[in-house]
A.B. asks: 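Structure provided below as structure tokens; questions to follow.
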Amino acid sequence: MTSLTDRALETLPDGVVDWITESGRPQWQDDLLLIGGIVLATYVLFAAIGLLFGVGANSIVGTLQQITFFAAVYALTALALNLHWGYTGLFNIGVAGFMAVGAYTMAILTAAPDGSPPGLGLPMIVGVVGGMIAAALVGFVAALPALRVRADYFAIVTLGLSEIIRRALLSRSLQEFDVAGYTLGTGGGSGIRAPSTGVVANYLLYGSADRSSDSTVLGDLLFNLGIRESIVVNGVYTLVLIAFVVAFYLLLTRIAYSPFGRVLKAIREDELAARSLGKNTNRTKIKVFMLGCGLMGLAGILWQGSRTLVSPNNFMPIVTFYIFVALIVGGSGSNTGSVIGGFVFAAFLYEGPRFLRTIVRANFDVRSPPTIYDAFVDLGSGDPTALVGYAIGSLDEIRFIFIGVVLILFMIWRPDGLLGHRKEIAAATDLSRRPAATDGGEADE
Amino acid sequence: MSDVETEPQSADSARPTDESTPRSTGASILELRNLEKRFGGITAVDGASFEVERGTITGLIGPNGAGKSTTFNCITGVHEPNAGSVVFDGEEITGLEPHQIATRGLVRTFQIAREFPEMTVLENMMLAPKAQLGESLWRSVTPIVRSDVVEQEGEMRERAWEMLDFFEIDHLAHEYAGNLSGGQRKLLELARALLTEPEMLLLDEPMAGVNPSLEKKLLEHIHELQEQGYTFLLVEHDMDVIMNHCEHVIVMHQGSVLAEGVAEEIQSNEAVIEAYLGGDV
Amino acid sequence: IGGDNGSGGDADAMVGVLQPVTGDLGNLGGPIRDAAILPGTQLENEGVDFEIDIREEDTESTADAGVSGAQSLVDAGYPAITGAASSQVTITVAEDILIPNGVVGISPASTAPTITDLEDDDYIFRTCPSDALQGEVMAEVAYEERGLESAASFYLNNDYGQQLSDSFVGAFEDLGGEVTETVGFEAEQPSYTSALESALADDPDMMIVIGYPASGEQIFRDYYSEFDTGQTIMVTDGLRDGDLPGNVDNAMENVVGTAPLAAGPEEDAFNQLYQDEYGSEPGVFTAQAYDATAVNILASIAAGETTGSAIRDSLRDVANPDGEDVGPSNLADAIQMVDDGDAVNYQGASSSVNFDDNGDMQAVTYEIFEFSEDGLETVEEIDFEA
Amino acid sequence: MALLDVSGLDAGYGDLQILEGVDMTVDEGEYVTIVGPNGAGKSTVMKSIFGLTTYMGGSVDFDGEEISARRPEDIISTGIGYVPQNDNVFPSLSVKENLEMGAYILDDVPEDRLRRIYDRFPILEQRKTQKAGTMSGGQQQMLAMGRALMLDPDLLMLDEPSAGLAPDLVDDMFDRIDEINDDGTAILLVEQNAKEALRRCDRGYVLVQGQNRYEDSGDALLADEQVRQDFLGG
Amino acid sequence: MSTGNVRGKLSHLSTQELVGGLLLLGIVILGLDLVRLLVTGELPLERLLSYTWNGIVDSLYIGLAAIGLSMTYSILRFANFSHGDLITTGAFSGWTVAYLVGGLGVADLSSRLLLRANGGAQPGSVGMDVLASPIAIVLGLLVAVAVTILVALAIDRFIYRRLRDEGGIPLLIASVGVALALRYLIAVFYTTETRIVVASPPEIAGIDVHQATLVVSAVALILGIHLLLQYTKLGKSMRAMSDNKDLALITGIPTERVIFATWVIGAGLAGAAGYLIVLNRGQITINLGWFLLLLIFAAVILGGIGSIYGAIAGSLVIGVTINLSLIWIPSDMNEIAAFVLMILVLIFRPDGLFSGVETA
Ligand SMILES: Nc1ncnc2c1ncn2[C@@H]1O[C@H](COP(=O)(O)OP(=O)(O)OP(=O)(O)O)[C@@H](O)[C@H]1O
Ligand SMILES: Nc1ncnc2c1ncn2[C@@H]1O[C@H](COP(=O)(O)OP(=O)(O)OP(=O)(O)O)[C@@H](O)[C@H]1O
Ligand SMILES: [Mg+2]
Ligand SMILES: [Mg+2]
């Protein structure tokens, strides 16, 4: 029996994924092991690189905390998207729009009534629930036209919808408006300031929204680890997010392994045939679309709502594409894949390059020449650092190129994502034949 | 999938059956009255009226483009008729959604088999039963009531296996439906349709492209099922099948019923020979 | 305090620089960042005995990346930050990261009036003036000096644009002027024709344009190709860019602008330093950035510890009157004096850098500029005492 | 020497091998039928001759030339016409345009060929401006055949031309094939209507699981008890 | 029972008709209101004319791009999200050449090669207008077309061709990857900065010469494509291919060559569109095409995929909508109007306004 770490490390090379999934353990244990292994290996990798280049321990922990935060939010959104696309075949590329509806509704409900724009000043929990409901309702309204059109138009309609939402939020016309005697608003391009969902961490650590109070038992425990307080506070919020990831995962996996999930798959495969078998596919699609949108709204709340500013430019279409990259990297159609994809995307495509840049900037004296022309001129005169400096200076652009190339390579070489093609059987029970008594086989129930 | 359609003249549905109704309604399970369906300028079904008797195998034949598949589509709610009505089991079902009609016990198969390719044969089968508890979103995820779901799944699994045994495709149960051969897909589709426990089955060219020896087996199954009380309406171009296996035959031509009766009568009907069978049958 | 920072080892002063090096404000933010790290380079070049640790993070001109960057700085133990640039980012970073974690933030460029009233436990400062003042200056110049009685406002749809526009509109109407239209625009749109159309619908005497060059070039291009009737256009600090006429391909003779003037007692010394280090003219808000980092360092040394609260408490000691005048020209000496416990009064590159109770500047100077053959020309200076 | 000579052909889709060493010949002017159960690989043989499958081994010679590595547009110019099993017309093109597409590789539409096809299938001339997609199943089969005949091929391959046709049209279809064959065009036919096809052809192959099972004259196959039992439904 | 049926029928049928009716009603009401505004003088006629003209100009360049997108959509069967960045490619490559040639001896190589990435070589000083350096401008247009075609062909060769048989969604996703990679590859060289690269447009007899150049070139290109598709076999083989690719192959249509031609035409038009847009606006940015893409998709979908006349008609609807809507709504909402219109039209005609009207 090998140790857990050994096994986790073994999962790194390609192909071992298959080994794990084919072993005799139940699927969920394998999946947990797989996720844990990948996360652990990544942590070790980042920590090793950081230590090698003299990055302080707190900085490394901080970086890992941020990676985990983004991993969690991408996992949340990828899971919700997987319900739409992976299971039901609804190619929704308006995810950012539904996240915006969730986050904005929460902000409007909870923002201070004397703020600019004013809000309703309701408690956080009302905001969170209200945001989810609003996102689901917008999903309902969107579903009516969107589900009528051809599959490939559906994509463009949902993208259009998310742009309608974003532009409306950006517009000056809705900056402030009156509803039933209350003045509310979206704040236009300035966005809206509202309490952050991050206060959950304060409650857990200090027992109140305010960080000046005495710490709780949990707080005492964590603050004595020698990690900077700011990291602990954010880390606890990230843990809350992880709890939501687990909840999403369980909920969606339950759906997947149920007759409801089977109908979703049938819709994905051949809707008319499903209808001819007596399945009310329209109602099912609307339900699942609303559920997914509600989850996207919640993800938006947990993600963008953890800042005190909710602004329209955080909901650009690129955010949707990021989520798609995460889902594709992991493997659409698989909840485990969604989680792994979210993590890999956050660690290697999203935060990784920034980490690299910080290290390079801290350790090497690279100046970024103003243009690539100057960099090449310097190169021509025997100084390659200018080109390196330019590359570091253009890291954001290079990161986009990298993401694009990864997407292309996955489509060509591994369209089913890292996990490979996993066809999970949608049934609430084991479908193999109950062994007849005369078979002499083991009873499985 | 739906096209620009005009409002059906619902007044028509109340019109009493006209003189073309051949038999008493007591034994009939399906009744079409003056069904009409137009696509743009083409009138695919043009006032078709007929009845299908309970417990029979009825054949629906006619030249290409006579409107047979369109009639099926109108009966099963895939298309909405422009006029006329469909009565199934004493209930008016005109204009209902396909799933509503299927739930009432009228289930169809397609001219080209439509399996769910990325689901296993058994999953395909498990999809069929009606009134599945777990098809409610809440029930499928709520911990306590989920045990009912699991229990029901167990029962359905038993029935699905029995049906696969009956059609002798149980060895393919864990195969993805997309990997089956054409004939096996036809069997799967039929088995799946039966698992919905329908009153009546509409089969659109079940034998087309099926190898003759397989065809024989399929027909045997259909007869066995008829004995169990199912009703069949089948579209078929293979006259051997029609003549040897259908009690009653309806002939469509240019969207309306040209003739109907027992097989022998049809075979010798001048109009039918002229329009459909050609000289030397 | 925990011995952990970006480059390892304890430092006497740790300042994080959080500026937009990329994104919408990248072209302004680059030089501001350069100026913000200049005190560190300067002190290192002069070989002081103090270890000054400066680490930079990029806000990418967005609140999201700004918060991430600030988070990294705070996680790494930086107790004071020079940043951010745009008001939206500054406020978000302040509320989400700096204030809760007790970290000092001095913004060199965020001019939004709302920053004054932030509930900040006195952690948030700025070396640039509030736009509440600039709006008044504009209204005065327009209504009283030039006799323009009706105005339209055409502003960038963000905190900076909205608030400055509001401040101008308020002041202009108070003076008796009429505001015909206020139109917000989005950054970097392909065309501003339709937006200009609505802004200019009532043919006002003048129009104010609040934005940055990336949008301003296109705005003026569209303006001159379809709407030019010779009325006065007034711009603000965001469009104080000598290249504008050349890029727009128009002399822009009808345009006049206001901007906070970097007119501190030691302006020349700073200009010289900047020139020597980077070989180019310092740009807008660079002097303020230098000052922000400089007082951060001084306060840190004066406090004797690298914690936010200590730095906060000694900022006014080193920056406000009473004490020997120090500044960019003798920063190394200043540090030594502060370390020795002597009272100093930092006299900066941008202003004399005296913080009021809100952390704002007590006195500022505005300039009125016009565009000319070779860029910009200051035609007037206005001193303002808040 | 045979017009078409397939020998030891291995082919499939991607990694999936379907045909295993199929041998088949068609002489000039000959009428050959392939029968066999569903999924035996009959259509795959035809597609492989046309280079539409993954080639895995063996050879296909036409008119003495090896064609297995050629592109479809080259193969068509060597004199093979092909009417596939389903979807064999361009639905949004008119009938006439469909026929003209048949002569795509020529610079001009051969008017005399068009004339002869119209003579053979008068319905096509009547409906020449109608969208092919709106024609009935039988008419579409004729159009597809007409399109394949535009280049006056030496060999015409037909994949289940009678599938889904009404009985009178089925007879008609077989008659047309006879006519075309009488004009000197060799025919390679795949049919599920096996009895009729075997009755009319010169020679027949029975293909099972991607391999040759029987080969004989049509009548002999019809008479063979084993073949009748296993493949012709008794 | 039967009332339930009737209700079922009503709700089933009427969504389409209801929306169609409402759409029509809306247009009628807006038309009447327009008359009212004109009569009462709230809307000067001059302004209406200028909105309409701007709408036509917008629809011309949207149309140029939409034709290409529609063609690749119908023949390659995927929604190409990198089409916008082909537009950007055309703009950057073309204007680089225009600067290299036009600014010869006036500005330094670095700022000409990178289109003022360093802020130098201001457009006025380099003489970047049609009258001052006609040769450079025309050369730029030709290069824009040529480079965009080459880029598109290379992408097809190395990426899309491998995915030919995978279906629409994998290709769509790959095209998103291509879009990102292409756009930011341009950004690495030219930076993400938005800048003006064209001198202020000269006027002849009150007509903006640059706008006139855009209009004339766009109309000429559209006519040219129309003639090409109408009078050559290419048009027919493209339709055949969009009907049924396998059958086209069997019929002897060299499908890869048709695909080649599709890219040549589609990418060429996109490149020309990008170049001309910049000529008209004056401003260049790496987001040029990406920000236009959704409008172009809206135009293509409105027109019904696969028809070039549909694409042009759809562009006209979109171009005019985003401009005329300004009469009623603020300028920051006009694109919302276009997208809402797209969605409404899709409800009442799920296959687009002009589907079924088959053209090349
Ligand atoms: N969706 C449709 N749009 C337009 N016309 C249609 C449509 N469906 C069927 N038709 C037309 O309606 C007529 C009847 O078609 P249908 O498919 O019902 O014939 P069928 O009797 O089933 O023929 P076959 O035996 O060939 O299957 C034909 O002329 C056909 O072209
Ligand atoms: N495109 C394809 N990709 C993968 N497998 C295929 C493909 N087309 C056919 N097959 C498989 O190849 C085998 C032979 O198919 P083929 O179409 O040649 O059969 P056939 O003999 O023509 O049968 P039928 O009489 O049903 O038309 C079948 O198992 C089929 O599932
Ligand atoms: Mg049919
Ligand atoms: Mg076949």
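So that the names make sense, note that chain A is the first sequence line, chain B the second, and so on, each numbered from 1. Keep in mind that the numbers below use all heavy atoms, side chains included, and drop hydrogens, waters and symmetry copies.
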A.B. asks: Chain E heavy atoms under 4.5 Å from Pro91(D): which part of the residue, side chain, backbone, both or neither?
C.D. replies: both
A.B. asks: Given 3.5 Å as the limit, does a donor-acceptor pair link the side chain of Asp63(D) with the main chain of Glu65(D), or not?
C.D. replies: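 Such a contact is absent between Asp63(D) side chain and Glu65(D) backbone.
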A.B. asks: Check this for me, if you would: do Asp172(D) and Arg176(D) make a salt bridge, where the nitrogen-to-carboxylate-oxygen distance has to be below 4.0 angstrom?
C.D. replies: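 Looking at Arg176(D) together with Asp172(D), the answer is yes, because their closest N to O distance falls below 4.0 Å.
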A.B. asks: Side chain from CB out, backbone as N, CA, C, O: work out which of these in Tyr82(D) comes under 4.5 Å of a heavy atom of chain E, or both, or neither.
C.D. replies: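 When you check distances to chain E, atoms from both the backbone and side chain of Tyr82(D) fall under 4.5 Å.
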A.B. asks: If you count heavy-atom pairs under 4.5 Å with chain D, which of Asp246(E), Ile250(E), Asn244(E), Thr255(E) comes out on top?
C.D. replies: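 Among Asp246(E), Ile250(E), Asn244(E), Thr255(E), the one with the most close pairs to chain D is Ile250(E).
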A.B. asks: Answer with side chain, backbone, both or neither: which region of Leu52(D) has an atom nearer than 4.5 Å to a non-hydrogen atom of chain E?
C.D. replies: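 The side chain, not the backbone.
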A.B. asks: Against chain E, work out which of Met150(D), Arg71(D), Arg147(D) has the most heavy-atom pairs shorter than 4.5 Å and name it.
C.D. replies: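 Most heavy-atom pairs under 4.5 Å with chain E: Arg147(D).
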A.B. asks: Would you say the side chains of Tyr160(E) and Ser82(E) form a donor-acceptor pair under 3.5 Å?
C.D. replies: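 Yes, a side-chain donor-acceptor pair sits under 3.5 Å.
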A.B. asks: Looking at side-chain heavy atoms only, is the closest gap between Met145(D) and Arg120(D) below 4.5 Å?
C.D. replies: no
A.B. asks: If contact means a heavy atom pair closer than 4.5 Å, which residues of residues 179-188 of chain D contact chain E?
C.D. replies: none
A.B. asks: Do Ser59(D) and Ser7(D) meet the criterion of a side-chain donor-acceptor pair at a distance under 3.5 Å?
C.D. replies: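 A pair is found: one side chain offers a donor N or O, the other an acceptor, under 3.5 Å apart.
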A.B. asks: Does Asp243(E) pair with Arg239(E) as a salt bridge, N-O distance under 4.0 Å?
C.D. replies: no
A.B. asks: In plain terms, say whether Glu100(D) and Lys233(E) are close enough for a salt bridge, that is, a side-chain N and a carboxylate O under 4.0 Å apart.
C.D. replies: no
A.B. asks: Without hydrogens or angle criteria, can the side chains of Ser162(D) and Glu191(D) be said to hold a donor-acceptor pair below 3.5 Å?
C.D. replies: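 Yes - a donor-acceptor pair under 3.5 Å links their side chains.
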